[in-house]
Protein chains: 2
Amino acid sequence: MTPETKQTSEEIITTELIIKKAVEVICGKWRMIIIHLLREKVLRYGEIKRGVPGISEKVLVHELKQLVELGMVEKESFGEVPPRVEYRLTDKGRTILPVIDLLREVGRAFI
Amino acid sequence: MTPETKQTSEEIITTELIIKKAVEVICGKWRMIIIHLLREKVLRYGEIKRGVPGISEKVLVHELKQLVELGMVEKESFGEVPPRVEYRLTDKGRTILPVIDLLREVGRAFI
DNA sequence: TGTGTTACCCACCAATAGGTAAGTAAGCAT
DNA sequence: ATGCTTACTTACCTATTGGTGGGTAACACA
């Protein structure tokens, strides 16, 4: 990234902004779990719900909405009854998969 | 990491636990900023405070306490007046530096 | 006597995150 | 008519997070 070892105070400020934004994007009790679930499969709403036991419907819906807003997840509704809605990770969403993998590695020490 | 591609449901549960724990450890509005600050220097309380502009004293004290509890930071008080207290990253704390670096990389796309 | 220094603590408040339980639409099968 | 299915919505509540503005100890120095 930055080839220089010394950072100007401007760069430090930007670095802090980026880190804070990234933390904001990553955090939430269930968000990483949902993304981890979507890692390899396109899933319907109900499948995600069953795959994340313990999450409330309200929070799941809210999280999915935010993930779509952030451009990390794509939502596709088929106009069927009963409804069928699929969620899939976007390329942008996939950029944080390495973060999840790293979290799995370092997280062990804190359990 | 796990050489197998298929995970048993037991492993999936453990994976979720680890990810949730890691997220818990990482999150908080200021935590990563504080750790990033301590990356290369041992700092006094006041230096951290000045290095994290915007944080309230209450939150800073609380964060530092939790970081010590988690074993990520060591606190050393010198019995002086006016008081002098130093904080330094432990090896355990250093394990999340790669996470911060990765967050810096992926975070750009979300600003 | 009074002021400055440093690293805190405390009471109180507001905003956000998350949970619970119920309800809804629209069609199909019974 | 009734119930089942699926993907939600809504009202209400609690808990956690973070912020504000004050106070404190203990000594040194003017």
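Within every chain, numbering begins at 1; the chains are lettered A, B, ... in the order of the sequence lines, protein sequences first and strands thereafter. Atom set for the values below is all heavy atoms of this structure, side chains included, hydrogens, waters and symmetry mates excluded.
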Quick one: pull up [atom1] in [X] and [atom2] in [Y] and give me the separation to the nearest 0.5 Å.
| X | Y | atom1 | atom2 | value |
| --- | --- | --- | --- | --- |
| B/L97 | B/R39 | CG | CZ | 4.5 Å |
| B/Y87 | B/L64 | OH | CG | 5.0 Å |
| B/E24 | A/L103 | CD | CG | 12.5 Å |
| B/T90 | B/K75 | OG1 | NZ | 15.0 Å |

Spacing of [X] atom [atom1] relative to [N] atom [atom2], expressed in whole Å:
| X | N | atom1 | atom2 | answer |
| --- | --- | --- | --- | --- |
| A/I34 | C/dA17 | CD1 | P | 14 Å |
| A/E57 | D/dT6 | CD | C1' | 10 Å |
| A/E80 | C/dG27 | CD | P | 13 Å |
| A/E24 | C/dT16 | CD | C1' | 12 Å |
| B/I55 | C/dC8 | CD1 | P | 13 Å |
| A/L60 | D/dC8 | CG | C1' | 10 Å |
| A/K49 | D/dA7 | NZ | P | 9 Å |
| A/E86 | D/dT6 | CD | P | 14 Å |

Checklist entry - Taking B/R84 for the side chain and B/R44 for the main chain, is one N or O donor matched with an acceptor at less than 3.5 Å? => result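 A pair under 3.5 Å: no.
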Next on the checklist: Classify B/Y87 by what it touches in the nucleic acid, base, sugar-phosphate, or nothing, heavy-atom distance under 4.0 Å.
Outcome noted: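 Contact class for B/Y87: sugar-phosphate only.
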Checklist entry - Honestly curious: do A/I18 and A/L102 fall in one hydrophobic cluster under the side-chain, below-4.5 Å linking rule? => result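 No, A/I18 and A/L102 fall in different hydrophobic clusters.
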Next on the checklist: For A/E63 and B/K75, find the nucleotide of DNA chain C closest to each by heavy atoms; which residue's nucleotide sits nearer the 5' end?
Outcome noted: B/K75
Checklist entry - Where each residue is assigned the nucleotide of DNA chain C containing its nearest heavy atom, which of A/P83 and A/S56 is assigned the position nearer the 5′ end? => result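 On the 5' side of the pair lies A/S56.
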Next on the checklist: Is the terminal nitrogen or CZ of A/K92 (NZ for Lys, CZ for Arg) located under 6.0 angstrom from the six-membered ring centre of B/F110 and within 45° of that ring's axis?
Outcome noted: yes
Item to check | Phosphate contact (C/dC9 OP1 or OP2) by B/Y45 side-chain N/O below 4.0 Å | outcome: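 False: B/Y45 side-chain N/O out of range (4.0 Å or more) of C/dC9 OP1/OP2.
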Item to check | Distance test, side-chain N/O of B/R44 to OP1/OP2 of C/dA7, below 4.0 Å | outcome: yes
Checklist entry - D/dA7, C/dG19, C/dA26: which one has an atom nearest the side-chain heavy atoms of A/V85? => result D/dA7
Pairs under 3.5 Å (N/O, protein and nucleotides 11-17 of chain D):
none

Checklist entry - When you match A/P82 and A/K65 each to their closest nucleotide on DNA chain D, which lands nearer the 5' end? => result A/P82
